[in-house]
Amino acid sequence: MAGVQDQLEIKFRLTDGSDIGPKTFAAATSVATLKESILTQWPKEKENGPRTVKDVKLISAGKILENNRTLGECQSPLCDIPGGVTTMHVIVQPSSLDKEKKSTSQSKQNKCVCVIL
């Protein structure tokens, strides 16, 4: 029975409502490994897909999961039903270079000049 509890069935819900999975993972699987799995399974027809693990955030039971944690450490006793499928939400955020480009272009556009006569 312990072997069954060491396995978790997870599906990843994308922002458009579509899913990747469900797929079974060991409780010892790291969050970073989950993100790598998402990168390899990301639908090719979807625009703005993640490029690296750093571009992906996983949310489960309202908490953002940290890369160095395992699934077993992230389990919520209130939300995870033994033998059920756990849904994790996937958020894609642009890499820091993209953010810097956007903030630089926005700061140039949003300059305000006051003229006193």
Side-chain angles (χ1 to χ4, degrees):
M1 200 75 180
V4 173
Q5 293 177 348
D6 290 342
Q7 298 288 318
L8 298 167
E9 194 168 4
I10 299 174
K11 70 177 173 182
F12 303 101
R13 175 78 31 100
L14 307 180
T15 54
D16 66 357
S18 63
D19 293 329
I20 296 175
K23 189 174 177 184
T24 303
F25 295 93
T29 304
S30 71
V31 171
T33 302
L34 291 179
K35 291 179 178 184
E36 289 171 6
S37 176
I38 291 168
L39 286 175
T40 60
Q41 296 179 44
W42 192 267
K44 302 296 182 220
E45 67 276 3
K46 295 205 182 289
E47 294 181 16
N48 302 325
R51 295 180 189 156
T52 67
V53 170
K54 291 180 181 180
D55 293 344
V56 178
K57 282 191 179 184
L58 283 180
I59 300 173
S60 180
K63 295 183 180 178
I64 297 173
L65 307 182
E66 298 173 23
N67 288 346
N68 60 346
R69 309 259 328 246
T70 66
L71 281 176
E73 294 172 331
C74 297
Q75 274 186 293
S76 169
L78 298 175
C79 297
D80 295 328
I81 301 167
V85 177
T86 300
T87 301
M88 293 187 178
H89 296 270
V90 179
I91 304 297
V92 177
Q93 60 182 18
S95 65
S96 59
L97 291 177
D98 293 341
K99 286 181 185 176
E100 287 175 13
K101 287 179 186 176
K102 287 181 182 177
S103 66
T104 304
S105 66
Q106 286 177 352
S107 64
K108 289 179 182 176
Q109 293 173 348
N110 295 333
K111 289 188 177 180
C112 179
V113 178
C114 296
V115 178
I116 301 174
L117 299 173

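A quick note: this is a predicted structure, and the numbers were derived from the prediction, not measured.
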Subject >> Heavy-atom closest contact (L34 atom, L58 atom, distance) >> reply: CB-CD1, 3.9 Å
Donor-acceptor list for residues 19-28 side chains, cut-off 3.5 Å, not counting sequence neighbours:
residue, atom, partner, partner atom, Å
D19, OD1, R13, NE, 2.4
D19, OD1, R13, NH2, 3.3
D19, OD2, R13, NH2, 3.1

With a 3.5 Å cut-off and sequence neighbours excluded, list the donor-acceptor pairs that the side chains of residues 63-71 form with protein atoms.
residue, atom, partner, partner atom, Å
N67, OD1, K35, NZ, 2.7
R69, NH2, E73, O, 3.0
T70, OG1, E73, N, 3.3

Subject >> Listed partners of S18 passing side chain to side chain donor-acceptor pair (under 3.5 Å), at least two apart >> reply: D16, K46
Original post:
How close do K54 and Q93 get, heavy atom to heavy atom, and via which atoms?
Top reply: O-NE2, 3.8 Å
Subject >> Verdict with reasoning, W42 to V56, per side chain to side chain contact (heavy atoms under 4.5 Å, CB included) >> reply: CA-CA 11 Å; W42 192 267; V56 178; over 6 Å; no
Original post:
Quick one: NE2 on H89 to NZ on K11, what's the gap to the nearest 0.5 Å?
Top reply: 9.5 Å
Subject >> For T33, all residues meeting side chain to side chain donor-acceptor pair (under 3.5 Å), sequence neighbours excluded >> reply: S30
Original post:
Below 4.5 Å, heavy atoms only, C-beta onward: do T15 and I91 meet side chain to side chain?
Top reply: yes
Original post:
Can you tell me how far CD1 of I59 sits from CZ of F12, rounded to the nearest 0.5 angstrom?
Top reply: 13.0 Å
Original post:
Can you name the residues that form a side chain to side chain donor-acceptor pair (under 3.5 Å) with T29, not counting sequence neighbours?
Top reply: none
